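Notes to accompany the following structure.
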Protein chains: 2
Amino acid sequence: MNTTSCESGLLKIGDLVRLTGKTPRTLHFYEELGLLRPVSRTKGGFRLYGEETLLRVRWIERLQELGFSLPEIQDFLTRLQEHAYGPEAMQRLGDFYTVKLAETRATLARLQALERDLQDSIDYLNGCRTCEPLTHRARCVGCDTKHHEGRAAPELVAAVHDSTTP
Amino acid sequence: MNTTSCESGLLKIGDLVRLTGKTPRTLHFYEELGLLRPVSRTKGGFRLYGEETLLRVRWIERLQELGFSLPEIQDFLTRLQEHAYGPEAMQRLGDFYTVKLAETRATLARLQALERDLQDSIDYLNGCRTCEPLTHRARCVGCDTKHHEGRAAPELVAAVHDSTTP
DNA sequence: CCTGACTCTAACGTTAACGTAAGAGTCTGA
DNA sequence: TCAGACTCTTACGTTAACGTTAGAGTCAGG
């Protein structure tokens, strides 16, 4: 089965939709932002994309996962255009990625810490299973029963116990 | 130095602002959403918070880092109210966190993959430093010079090389 | 008791990333 | 050639998470 619906080997927006999982609106939107551009148009005005566009759309997707906003990506692309020579442009790209690598590592560290906290909280809460079922919720505040082996409630648990909820 | 500005031991919104780094508007907003509530008010109508509120605000902050939206948090809190008995409520909390733990781990895996890709791309781009500086950018497409030891450009790099940019 | 700092409510504004609908024109295969 | 599927532009709508006035009232110290 072929990827394209026209002879030209070019993709109409519907093809791209199928190949990327994006909606037409999203692709239009990317174009509005200057992230994308059809190679040409049919006489009727239908957009025709080259296959590289597929790479481009996936690239955008990855960058979004990395936490880039579309305006940021756009920003980078336009700044890239300003460099006519490859090595210089590639240096820019490298810098761009280097910054993001650092951020990604920071995010990873944060998430790992949160992962530990979640696990701690879940462990702590498991102690509650051995508690008398009819214990009223209010009595959980500062619980120091044997069920938790003397452990204090982790922050993620303690904050749930209060009068701060409407 | 004391944390509070009133004798009551209660915190006015300004105190909470200093202690949490949030803005008054944010705290008002949390209250609108039902995430927060002052313990009482002054006769003039000023909000007075207990110290637990500090925990609560930080808790919200952490949950946000974990990718919870405020409506989600609100949702959880109200569902928690429906359980009068501690152990049952705590079970709910545990479930809530268990789901999020799985998501967090998935996110971690994704980010780790992206981290590798970034590193790969940076490594690949380092090869460009030994390229003739005046090479035009267009010639980078499908570059197969010795500079990259025969490696093909990683996706994060390849997608930048095309005619898809306006 | 008065002033300067603080707080209140109400309501409109903002950014990101699209969604949705409308009305009209285009393409293509039977 | 013509119906059904696809696409076009325009433009208003949406959710999240606050920001930003605006105008008025409140508190605390000198």
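Protein chains get the first letters and strands the later ones, always in sequence-line order, with residue 1 at the start of each. Predicted, not measured: the structure shown is a model, and the values here were computed from it.
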Notebook entry, point to check: In whole Å, what is the span from the CD1 atom of B/I13 to the C1' atom of C/dA5?
Noted result: 15 Å
Check: Counting just side-chain N and O atoms, does A/T42 come under 4.0 Å of either OP1 or OP2 of C/dC27?
Finding: yes
Next item on the list: With sequence neighbours left out, write down each residue that passes side-chain contact (heavy atoms from CB on, under 4.5 Å) with B/R79, or none if nothing qualifies.
Entry: B/D75, B/F76, B/E82, B/R92
Item checked: Cluster companions of B/V99 among Ile, Leu, Val, Met, Phe, Trp, Tyr (side-chain spacing under 4.5 Å) -> none
Check: Quick one: side-chain contact (heavy atoms from CB on, under 4.5 Å) partners of A/N126, sequence neighbours excluded?
Finding: A/I122, A/R129
Checklist line | Separation of atom CZ in A/R18 from atom P in D/dA5, rounded to whole Å | finding: 13 Å
Checklist line | Rounded distance (Å) that lies between atom C1' of D/dC8 and atom CD of A/E31 | finding: 11 Å
Next item on the list: Using a 4.0 Å cut-off on protein heavy atoms (strictly under), produce a 5'-to-3' string for nucleotides 10-22 of chain C with B for base contact, S for backbone-only sugar-phosphate contact, and - for none.
Entry: ------SBBBB--
Check: Between atom CZ in A/R47 and atom C1' in D/dC8, what is the gap in whole Å?
Finding: 7 Å
Check: For A/T26, which residues count as a side-chain contact (heavy atoms from CB on, under 4.5 Å) partner, sequence neighbours excluded?
Finding: A/K22, A/T23, A/Y30
Check: Taking NZ from B/K43 and P from D/dT26, how many angstroms apart are they, rounded to a whole number?
Finding: 11 Å
Check: A/D15 has an atom CG; how far is it from atom P of D/dC6, in whole Å?
Finding: 10 Å
Checklist line | Gap between atoms CZ and P, on B/R41 and C/dC6 respectively (whole Å) | finding: 19 Å
Notebook entry, point to check: C/dC8 P sits how many Å from B/L48 CG, rounded?
Noted result: 9 Å
Checklist line | Cation-pi, B/F68 ring and B/K100 (6.0 angstrom, 45 degrees) | finding: yes
Check: Which other residues end up in the same hydrophobic cluster as B/Y85, if Ile, Leu, Val, Met, Phe, Trp and Tyr are linked when side-chain heavy atoms come under 4.5 Å apart?
Finding: A/L134
